[in-house]
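As C-alpha coordinates, the structure follows; a few thoughts come after it.
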Protein chains: 2
Amino acid sequence: MDLYGGRGYEQTTVAEIAKRAGLTERTFFRHFSDKREVLFAGSHELEQAMVAAVEEAPADASPLAAAMAALERIAEFFAERRPHSRRRQAIINANPELQERERNKLASLSVSLAYALRERGVSESRAILAAEMAIAIFKLAFERWLEDAKQRDMLYHVRSALKDLKSVALS
Amino acid sequence: MDLYGGRGYEQTTVAEIAKRAGLTERTFFRHFSDKREVLFAGSHELEQAMVAAVEEAPADASPLAAAMAALERIAEFFAERRPHSRRRQAIINANPELQERERNKLASLSVSLAYALRERGVSESRAILAAEMAIAIFKLAFERWLEDAKQRDMLYHVRSALKDLKSVALS
DNA sequence: TATACTGATGTCAGAAGCTGACATCAGGGG
DNA sequence: CCCCTGATGTCAGCTTCTGACATCAGTATA
(Lines give C-alpha, C1' and ligand atoms only; values in the text may rest on other atoms or scores of the structure.)
Protein backbone atom coordinates (compact mmCIF):
# COMPACT_ATOMS: atom_id res chain seq x y z
CA MET A 1 0.00 0.00 0.00
CA ASP A 2 2.92 2.36 0.65
CA LEU A 3 4.24 1.76 -2.82
CA TYR A 4 0.90 1.80 -4.60
CA GLY A 5 -0.04 4.94 -2.71
CA GLY A 6 3.26 6.64 -3.27
CA ARG A 7 4.24 6.01 -6.86
CA GLY A 8 0.84 4.87 -8.08
CA TYR A 9 -0.29 1.34 -8.86
CA GLU A 10 0.87 1.20 -12.47
CA GLN A 11 4.23 2.78 -11.75
CA THR A 12 5.18 0.30 -9.06
CA THR A 13 6.59 -2.95 -10.35
CA VAL A 14 6.23 -6.30 -8.71
CA ALA A 15 10.01 -6.43 -8.46
CA GLU A 16 9.90 -3.35 -6.24
CA ILE A 17 7.24 -4.79 -3.99
CA ALA A 18 9.18 -8.00 -3.61
CA LYS A 19 12.40 -6.17 -2.84
CA ARG A 20 10.65 -4.03 -0.25
CA ALA A 21 9.43 -7.22 1.42
CA GLY A 22 12.89 -8.78 1.21
CA LEU A 23 11.67 -11.48 -1.13
CA THR A 24 11.79 -12.44 -4.76
CA GLU A 25 9.39 -11.58 -7.52
CA ARG A 26 8.71 -15.27 -7.93
CA THR A 27 7.73 -15.57 -4.30
CA PHE A 28 5.30 -12.70 -4.67
CA PHE A 29 3.45 -14.57 -7.38
CA ARG A 30 3.29 -17.64 -5.24
CA HIS A 31 1.41 -15.71 -2.58
CA PHE A 32 -0.74 -13.58 -4.86
CA SER A 33 -2.08 -14.76 -8.19
CA ASP A 34 -1.99 -11.21 -9.47
CA LYS A 35 -0.28 -7.92 -9.06
CA ARG A 36 -3.70 -6.60 -8.05
CA GLU A 37 -4.56 -9.36 -5.66
CA VAL A 38 -2.34 -7.98 -2.88
CA LEU A 39 -4.97 -5.38 -2.17
CA PHE A 40 -7.78 -7.89 -1.90
CA ALA A 41 -6.22 -10.65 0.12
CA GLY A 42 -8.55 -10.42 3.12
CA SER A 43 -11.78 -10.42 1.17
CA HIS A 44 -12.34 -14.13 1.51
CA GLU A 45 -12.70 -13.95 5.28
CA LEU A 46 -15.22 -11.16 4.95
CA GLU A 47 -17.19 -13.22 2.49
CA GLN A 48 -17.30 -16.18 4.83
CA ALA A 49 -18.47 -14.03 7.72
CA MET A 50 -21.28 -12.67 5.61
CA VAL A 51 -22.36 -16.08 4.41
CA ALA A 52 -22.41 -17.29 8.00
CA ALA A 53 -24.64 -14.39 8.96
CA VAL A 54 -27.12 -15.36 6.27
CA GLU A 55 -27.12 -18.96 7.44
CA GLU A 56 -27.71 -17.92 11.01
CA ALA A 57 -30.49 -15.45 10.26
CA PRO A 58 -33.91 -16.34 11.79
CA ALA A 59 -35.71 -18.93 9.72
CA ASP A 60 -38.65 -16.63 9.19
CA ALA A 61 -36.56 -13.71 7.96
CA SER A 62 -37.33 -12.57 4.43
CA PRO A 63 -34.62 -13.04 1.77
CA LEU A 64 -33.73 -9.38 1.84
CA ALA A 65 -33.69 -9.34 5.64
CA ALA A 66 -31.38 -12.35 5.67
CA ALA A 67 -29.06 -10.68 3.17
CA MET A 68 -29.10 -7.54 5.28
CA ALA A 69 -28.00 -9.59 8.26
CA ALA A 70 -24.76 -10.16 6.39
CA LEU A 71 -24.16 -6.44 6.11
CA GLU A 72 -24.97 -5.85 9.75
CA ARG A 73 -22.60 -8.60 10.73
CA ILE A 74 -19.60 -6.92 9.16
CA ALA A 75 -20.55 -3.36 10.00
CA GLU A 76 -18.55 -3.46 13.21
CA PHE A 77 -15.56 -4.90 11.43
CA PHE A 78 -15.09 -1.67 9.54
CA ALA A 79 -15.50 0.59 12.55
CA GLU A 80 -11.84 0.70 13.59
CA ARG A 81 -10.52 0.59 10.07
CA ARG A 82 -11.75 3.82 8.61
CA PRO A 83 -8.28 5.35 8.06
CA HIS A 84 -7.03 2.16 6.48
CA SER A 85 -10.13 1.81 4.35
CA ARG A 86 -9.85 5.37 3.09
CA ARG A 87 -6.25 4.92 2.07
CA ARG A 88 -7.00 1.67 0.35
CA GLN A 89 -10.02 3.00 -1.45
CA ALA A 90 -8.13 6.05 -2.68
CA ILE A 91 -5.64 3.71 -4.34
CA ILE A 92 -8.38 1.62 -5.91
CA ASN A 93 -10.32 4.66 -7.11
CA ALA A 94 -7.19 5.92 -8.84
CA ASN A 95 -6.86 2.86 -11.03
CA PRO A 96 -9.38 1.19 -13.36
CA GLU A 97 -7.71 -2.21 -13.15
CA LEU A 98 -8.13 -2.23 -9.41
CA GLN A 99 -11.74 -1.16 -9.65
CA GLU A 100 -12.28 -4.01 -12.02
CA ARG A 101 -10.92 -6.42 -9.47
CA GLU A 102 -12.97 -4.88 -6.69
CA ARG A 103 -16.15 -5.35 -8.69
CA ASN A 104 -15.10 -8.91 -9.23
CA LYS A 105 -14.85 -9.50 -5.52
CA LEU A 106 -18.26 -8.00 -4.94
CA ALA A 107 -19.71 -10.15 -7.70
CA SER A 108 -18.21 -13.23 -6.10
CA LEU A 109 -19.70 -12.12 -2.81
CA SER A 110 -23.08 -11.71 -4.44
CA VAL A 111 -22.94 -15.25 -5.79
CA SER A 112 -22.06 -16.62 -2.36
CA LEU A 113 -24.86 -14.72 -0.68
CA ALA A 114 -27.33 -15.90 -3.30
CA TYR A 115 -26.20 -19.46 -2.74
CA ALA A 116 -26.67 -19.11 1.01
CA LEU A 117 -30.15 -17.72 0.42
CA ARG A 118 -31.01 -20.63 -1.84
CA GLU A 119 -30.06 -22.96 0.98
CA ARG A 120 -32.74 -21.24 3.01
CA GLY A 121 -35.31 -22.25 0.44
CA VAL A 122 -35.45 -19.02 -1.49
CA SER A 123 -36.08 -19.39 -5.21
CA GLU A 124 -33.13 -18.89 -7.54
CA SER A 125 -34.35 -15.63 -9.01
CA ARG A 126 -35.29 -14.11 -5.70
CA ALA A 127 -32.06 -15.24 -4.10
CA ILE A 128 -30.00 -13.61 -6.83
CA LEU A 129 -31.96 -10.39 -6.67
CA ALA A 130 -31.84 -10.16 -2.88
CA ALA A 131 -28.09 -10.71 -2.97
CA GLU A 132 -27.62 -8.09 -5.67
CA MET A 133 -29.66 -5.61 -3.71
CA ALA A 134 -27.59 -6.25 -0.61
CA ILE A 135 -24.42 -5.61 -2.60
CA ALA A 136 -25.86 -2.41 -4.05
CA ILE A 137 -26.70 -1.27 -0.55
CA PHE A 138 -23.25 -2.19 0.68
CA LYS A 139 -21.48 -0.28 -2.08
CA LEU A 140 -23.53 2.82 -1.49
CA ALA A 141 -23.29 2.63 2.29
CA PHE A 142 -19.55 2.02 2.17
CA GLU A 143 -18.98 5.03 -0.04
CA ARG A 144 -21.11 7.24 2.18
CA TRP A 145 -19.43 5.93 5.29
CA LEU A 146 -15.98 6.69 3.95
CA GLU A 147 -16.79 10.29 3.15
CA ASP A 148 -19.12 11.01 6.06
CA ALA A 149 -17.88 14.14 7.80
CA LYS A 150 -20.03 13.28 10.80
CA GLN A 151 -18.39 9.87 11.02
CA ARG A 152 -21.65 8.05 11.60
CA ASP A 153 -21.07 4.33 11.69
CA MET A 154 -21.50 1.80 8.94
CA LEU A 155 -24.76 0.51 10.39
CA TYR A 156 -26.34 3.90 10.03
CA HIS A 157 -25.42 4.13 6.38
CA VAL A 158 -26.51 0.60 5.63
CA ARG A 159 -29.93 1.26 7.08
CA SER A 160 -30.21 4.55 5.30
CA ALA A 161 -29.39 2.91 1.97
CA LEU A 162 -31.89 0.13 2.62
CA LYS A 163 -34.59 2.68 3.25
CA ASP A 164 -33.80 4.41 -0.03
CA LEU A 165 -33.74 1.15 -1.90
CA LYS A 166 -37.16 0.17 -0.64
CA SER A 167 -38.63 3.50 -1.54
CA VAL A 168 -37.18 3.28 -5.04
CA ALA A 169 -38.39 -0.26 -5.59
CA LEU A 170 -41.91 0.68 -4.57
CA SER A 171 -42.24 3.84 -6.58
CA MET B 1 -14.79 -15.20 -31.59
CA ASP B 2 -13.81 -18.14 -33.79
CA LEU B 3 -10.41 -18.27 -32.18
CA TYR B 4 -11.58 -17.66 -28.62
CA GLY B 5 -14.31 -20.21 -29.08
CA GLY B 6 -12.09 -22.77 -30.74
CA ARG B 7 -8.86 -22.79 -28.80
CA GLY B 8 -10.10 -20.95 -25.74
CA TYR B 9 -9.44 -17.37 -24.74
CA GLU B 10 -6.19 -17.93 -22.86
CA GLN B 11 -4.74 -20.21 -25.50
CA THR B 12 -5.25 -17.73 -28.29
CA THR B 13 -2.50 -15.19 -28.69
CA VAL B 14 -2.98 -11.69 -29.98
CA ALA B 15 -0.50 -12.52 -32.72
CA GLU B 16 -2.87 -15.21 -33.96
CA ILE B 17 -5.85 -12.88 -33.96
CA ALA B 18 -3.89 -10.27 -35.87
CA LYS B 19 -2.65 -12.76 -38.39
CA ARG B 20 -6.17 -14.08 -38.94
CA ALA B 21 -7.29 -10.52 -39.66
CA GLY B 22 -4.34 -9.97 -41.99
CA LEU B 23 -2.88 -7.33 -39.70
CA THR B 24 -0.11 -6.84 -37.19
CA GLU B 25 -0.16 -7.34 -33.46
CA ARG B 26 0.62 -3.65 -33.10
CA THR B 27 -2.41 -2.72 -35.14
CA PHE B 28 -4.61 -4.88 -32.95
CA PHE B 29 -3.58 -2.90 -29.89
CA ARG B 30 -4.32 0.33 -31.69
CA HIS B 31 -7.91 -0.75 -32.19
CA PHE B 32 -8.44 -2.48 -28.85
CA SER B 33 -6.84 -1.38 -25.62
CA ASP B 34 -6.86 -4.94 -24.41
CA LYS B 35 -6.86 -8.51 -25.52
CA ARG B 36 -10.25 -8.75 -23.83
CA GLU B 37 -11.72 -5.63 -25.31
CA VAL B 38 -12.38 -7.25 -28.70
CA LEU B 39 -15.37 -8.98 -27.21
CA PHE B 40 -16.86 -5.81 -25.78
CA ALA B 41 -16.37 -3.35 -28.60
CA GLY B 42 -20.06 -2.68 -29.26
CA SER B 43 -21.02 -2.05 -25.65
CA HIS B 44 -20.67 1.70 -25.91
CA GLU B 45 -23.48 2.02 -28.44
CA LEU B 46 -25.75 -0.05 -26.23
CA GLU B 47 -24.95 2.18 -23.30
CA GLN B 48 -25.80 5.30 -25.27
CA ALA B 49 -29.12 3.84 -26.41
CA MET B 50 -30.02 3.04 -22.82
CA VAL B 51 -29.09 6.49 -21.57
CA ALA B 52 -31.20 8.03 -24.32
CA ALA B 53 -34.15 5.91 -23.24
CA VAL B 54 -33.84 7.23 -19.69
CA GLU B 55 -33.66 10.79 -20.93
CA GLU B 56 -36.73 10.32 -23.07
CA ALA B 57 -38.83 8.61 -20.43
CA PRO B 58 -41.98 10.49 -19.36
CA ALA B 59 -41.20 13.24 -16.88
CA ASP B 60 -43.52 11.73 -14.28
CA ALA B 61 -41.99 8.26 -14.49
CA SER B 62 -40.47 7.01 -11.26
CA PRO B 63 -36.67 6.49 -11.14
CA LEU B 64 -37.06 2.75 -11.42
CA ALA B 65 -39.58 3.09 -14.24
CA ALA B 66 -37.20 5.37 -16.11
CA ALA B 67 -34.36 2.92 -15.65
CA MET B 68 -36.60 0.12 -16.85
CA ALA B 69 -37.29 2.12 -19.99
CA ALA B 70 -33.63 1.63 -20.83
CA LEU B 71 -34.02 -2.13 -20.64
CA GLU B 72 -37.15 -2.11 -22.74
CA ARG B 73 -35.41 0.00 -25.34
CA ILE B 74 -32.71 -2.54 -25.98
CA ALA B 75 -34.89 -5.63 -25.60
CA GLU B 76 -35.61 -5.73 -29.32
CA PHE B 77 -31.95 -5.30 -30.15
CA PHE B 78 -31.22 -8.72 -28.74
CA ALA B 79 -34.12 -10.45 -30.44
CA GLU B 80 -32.29 -11.44 -33.63
CA ARG B 81 -28.99 -12.02 -31.96
CA ARG B 82 -29.72 -14.95 -29.73
CA PRO B 83 -27.33 -17.38 -31.45
CA HIS B 84 -24.57 -14.82 -31.47
CA SER B 85 -25.22 -13.88 -27.84
CA ARG B 86 -25.11 -17.49 -26.74
CA ARG B 87 -21.81 -18.11 -28.46
CA ARG B 88 -20.33 -14.97 -27.02
CA GLN B 89 -21.59 -15.66 -23.52
CA ALA B 90 -20.25 -19.19 -23.58
CA ILE B 91 -16.80 -17.77 -24.25
CA ILE B 92 -17.11 -15.21 -21.46
CA ASN B 93 -18.44 -17.75 -18.99
CA ALA B 94 -15.46 -19.96 -19.67
CA ASN B 95 -12.96 -17.34 -18.56
CA PRO B 96 -12.73 -15.31 -15.35
CA GLU B 97 -10.80 -12.48 -16.96
CA LEU B 98 -13.57 -11.95 -19.43
CA GLN B 99 -16.22 -12.06 -16.74
CA GLU B 100 -14.26 -9.42 -14.92
CA ARG B 101 -14.37 -7.20 -17.96
CA GLU B 102 -18.06 -7.85 -18.48
CA ARG B 103 -18.83 -6.78 -14.94
CA ASN B 104 -16.80 -3.69 -15.60
CA LYS B 105 -18.93 -2.81 -18.58
CA LEU B 106 -22.10 -3.30 -16.57
CA ALA B 107 -20.71 -1.12 -13.80
CA SER B 108 -19.92 1.59 -16.28
CA LEU B 109 -23.44 1.24 -17.61
CA SER B 110 -24.81 1.57 -14.11
CA VAL B 111 -22.90 4.79 -13.57
CA SER B 112 -24.22 6.22 -16.83
CA LEU B 113 -27.79 5.30 -16.02
CA ALA B 114 -27.45 6.82 -12.57
CA TYR B 115 -26.12 9.99 -14.09
CA ALA B 116 -29.03 10.17 -16.51
CA LEU B 117 -31.42 9.68 -13.61
CA ARG B 118 -29.77 12.47 -11.67
CA GLU B 119 -30.38 14.76 -14.63
CA ARG B 120 -34.05 14.03 -14.17
CA GLY B 121 -33.86 15.40 -10.65
CA VAL B 122 -33.52 12.11 -8.81
CA SER B 123 -31.37 12.25 -5.69
CA GLU B 124 -27.90 10.76 -5.87
CA SER B 125 -28.63 7.79 -3.64
CA ARG B 126 -31.89 6.92 -5.29
CA ALA B 127 -30.40 7.33 -8.76
CA ILE B 128 -27.55 4.95 -7.93
CA LEU B 129 -29.89 2.39 -6.42
CA ALA B 130 -32.38 2.52 -9.27
CA ALA B 131 -29.56 2.05 -11.77
CA GLU B 132 -28.13 -0.85 -9.81
CA MET B 133 -31.51 -2.51 -9.64
CA ALA B 134 -31.95 -2.10 -13.37
CA ILE B 135 -28.59 -3.76 -13.94
CA ALA B 136 -29.46 -6.59 -11.60
CA ILE B 137 -32.68 -7.11 -13.51
CA PHE B 138 -30.85 -7.00 -16.81
CA LYS B 139 -28.29 -9.57 -15.75
CA LEU B 140 -30.92 -11.96 -14.49
CA ALA B 141 -33.22 -11.45 -17.48
CA PHE B 142 -30.38 -11.86 -19.94
CA GLU B 143 -29.30 -15.13 -18.38
CA ARG B 144 -32.83 -16.46 -18.38
CA TRP B 145 -33.39 -15.33 -21.93
CA LEU B 146 -30.28 -17.09 -23.16
CA GLU B 147 -31.27 -20.41 -21.67
CA ASP B 148 -35.02 -20.21 -22.18
CA ALA B 149 -36.15 -23.35 -23.98
CA LYS B 150 -39.42 -21.66 -24.83
CA GLN B 151 -37.51 -18.81 -26.44
CA ARG B 152 -39.72 -16.14 -24.89
CA ASP B 153 -38.40 -12.70 -25.74
CA MET B 154 -36.21 -10.45 -23.67
CA LEU B 155 -39.10 -8.22 -22.69
CA TYR B 156 -40.85 -11.10 -21.03
CA HIS B 157 -37.84 -11.93 -18.91
CA VAL B 158 -37.17 -8.32 -18.01
CA ARG B 159 -40.69 -7.91 -16.73
CA SER B 160 -40.57 -11.19 -14.89
CA ALA B 161 -37.35 -10.17 -13.14
CA LEU B 162 -38.80 -6.78 -12.25
CA LYS B 163 -41.78 -8.46 -10.65
CA ASP B 164 -39.49 -10.66 -8.58
CA LEU B 165 -37.36 -7.73 -7.57
CA LYS B 166 -40.32 -5.78 -6.32
CA SER B 167 -41.62 -8.71 -4.34
CA VAL B 168 -38.22 -9.21 -2.74
CA ALA B 169 -37.84 -5.54 -1.86
CA LEU B 170 -41.23 -5.52 -0.18
CA SER B 171 -40.85 -8.64 1.85
C1' DT C 1 21.40 -39.08 15.85
C1' DA C 2 20.71 -39.66 11.09
C1' DT C 3 17.54 -39.71 7.41
C1' DA C 4 13.60 -38.49 4.85
C1' DC C 5 10.03 -35.47 4.06
C1' DT C 6 7.75 -31.09 3.52
C1' DG C 7 7.00 -26.34 2.69
C1' DA C 8 8.79 -22.02 1.59
C1' DT C 9 12.01 -19.63 -1.10
C1' DG C 10 15.53 -18.76 -4.79
C1' DT C 11 17.25 -18.99 -9.66
C1' DC C 12 16.67 -19.03 -14.40
C1' DA C 13 14.69 -18.95 -18.82
C1' DG C 14 11.02 -17.66 -21.52
C1' DA C 15 6.27 -16.71 -23.32
C1' DA C 16 2.85 -13.26 -23.90
C1' DG C 17 0.78 -8.66 -23.27
C1' DC C 18 1.51 -4.07 -24.11
C1' DT C 19 4.01 0.59 -25.36
C1' DG C 20 6.93 4.16 -27.54
C1' DA C 21 9.42 5.78 -31.48
C1' DC C 22 10.01 5.94 -36.05
C1' DA C 23 9.13 4.46 -40.99
C1' DT C 24 6.00 3.65 -44.76
C1' DC C 25 2.28 4.15 -47.64
C1' DA C 26 -2.23 5.30 -49.68
C1' DG C 27 -5.67 8.66 -50.55
C1' DG C 28 -7.59 13.44 -50.60
C1' DG C 29 -7.14 18.39 -51.02
C1' DG C 30 -4.87 22.40 -52.60
C1' DC D 1 2.20 17.51 -58.61
C1' DC D 2 2.95 18.13 -53.85
C1' DC D 3 1.63 17.99 -49.07
C1' DC D 4 -0.94 16.41 -45.31
C1' DT D 5 -3.23 12.99 -42.64
C1' DG D 6 -4.55 8.65 -40.93
C1' DA D 7 -3.77 3.90 -40.83
C1' DT D 8 -0.46 0.40 -40.76
C1' DG D 9 4.19 -1.80 -40.32
C1' DT D 10 8.69 -2.49 -37.91
C1' DC D 11 11.45 -2.88 -34.05
C1' DA D 12 13.14 -2.67 -29.50
C1' DG D 13 12.04 -3.18 -24.92
C1' DC D 14 9.58 -3.40 -20.36
C1' DT D 15 6.61 -5.88 -17.32
C1' DT D 16 3.66 -9.49 -15.90
C1' DC D 17 3.32 -14.14 -15.10
C1' DT D 18 4.70 -19.35 -15.49
C1' DG D 19 7.27 -23.76 -15.49
C1' DA D 20 11.20 -26.39 -14.06
C1' DC D 21 14.61 -27.23 -11.04
C1' DA D 22 17.66 -26.20 -6.91
C1' DT D 23 18.25 -24.97 -2.10
C1' DC D 24 17.43 -24.84 2.57
C1' DA D 25 15.35 -25.02 7.20
C1' DG D 26 12.50 -27.35 10.29
C1' DT D 27 10.14 -31.56 11.68
C1' DA D 28 8.88 -36.14 12.03
C1' DT D 29 10.50 -40.66 12.30
C1' DA D 30 13.32 -44.73 12.38
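A, B, ... follow the sequence lines: proteins, then strands. Residue 1 opens every chain. Everything numeric here is computed off the predicted structure, so don't read it as measured data. Values reported hereafter were calculated over all heavy atoms of this structure, with side chains retained and with hydrogens, waters and symmetry mates removed.
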Check B/Arg36 with B/Glu100, please: is the shortest side-chain N to carboxylate O separation under 4.0 Å? yes

The complete set of side chain to side chain donor-acceptor pair (under 3.5 Å) pairs with one or both residues in residues 123-134 of chain A, sequence neighbours excluded, reads A/Ser110-A/Glu132, A/Arg118-A/Glu124, A/Ser125-B/Arg144, A/Arg126-B/Ser167, A/Glu132-B/Lys139

5'-most to 3'-most nt of DNA chain D touching chain A (<4.0 Å, heavy-atom partner on protein side) reads D/dT16 to D/dA20

**OP:** Would you mind checking if A/Glu55 and A/Arg120 are paired as a salt bridge, meaning a charged N to carboxylate O distance below 4.0 Å?
**Re:** no

Anything under 30° is parallel, anything over 60° is perpendicular, the rest tilted; go ahead and classify A/Phe138 against A/Phe78. tilted

Query raised in the report: Does NZ or CZ of A/Lys35 lie under 6.0 Å from the centre of the six-membered ring of A/Phe29, at an angle within 45° of the ring axis?
Result: no

Polar pairs (N or O, both sides) under 3.5 Å between protein and nucleotides 12-18 of chain C?
residue : atom : partner : partner atom : Å
C/dG17  : OP1  : B/Lys35 : NZ           : 3.2
C/dG17  : OP2  : B/Val14 : N            : 3.3
C/dC18  : OP1  : B/Asp34 : OD1          : 3.2
C/dC18  : OP2  : B/Lys35 : N            : 2.8

query: When the ring planes of A/Phe32 and A/Phe28 are compared, do they come out parallel, tilted or perpendicular, using 30° and 60° as the limits?
result: tilted

Applied to residues 153-163 of chain B, the side chain to side chain donor-acceptor pair (under 3.5 Å) test, sequence neighbours excluded, yields B/Asp148-B/His157, B/Arg152-B/Tyr156

Side chain to side chain donor-acceptor pair (under 3.5 Å) pairs touching residues 17-26 of chain A, sequence neighbours excluded, are A/Asp2-A/Arg20

In short, the helix from C/dT1-D/dA30 to C/dG30-D/dC1 is bent end to end, axes from five pairs each side, to 10°, by 0°

One should read off an interatomic distance between B/Gln89 CD and B/Ser85 OG, to the nearest 0.5 angstrom, of 8.0 Å

When rounded to the nearest 0.5 Å, the distance separating CG of B/Leu162 from CE of B/Met68 is 4.0 Å

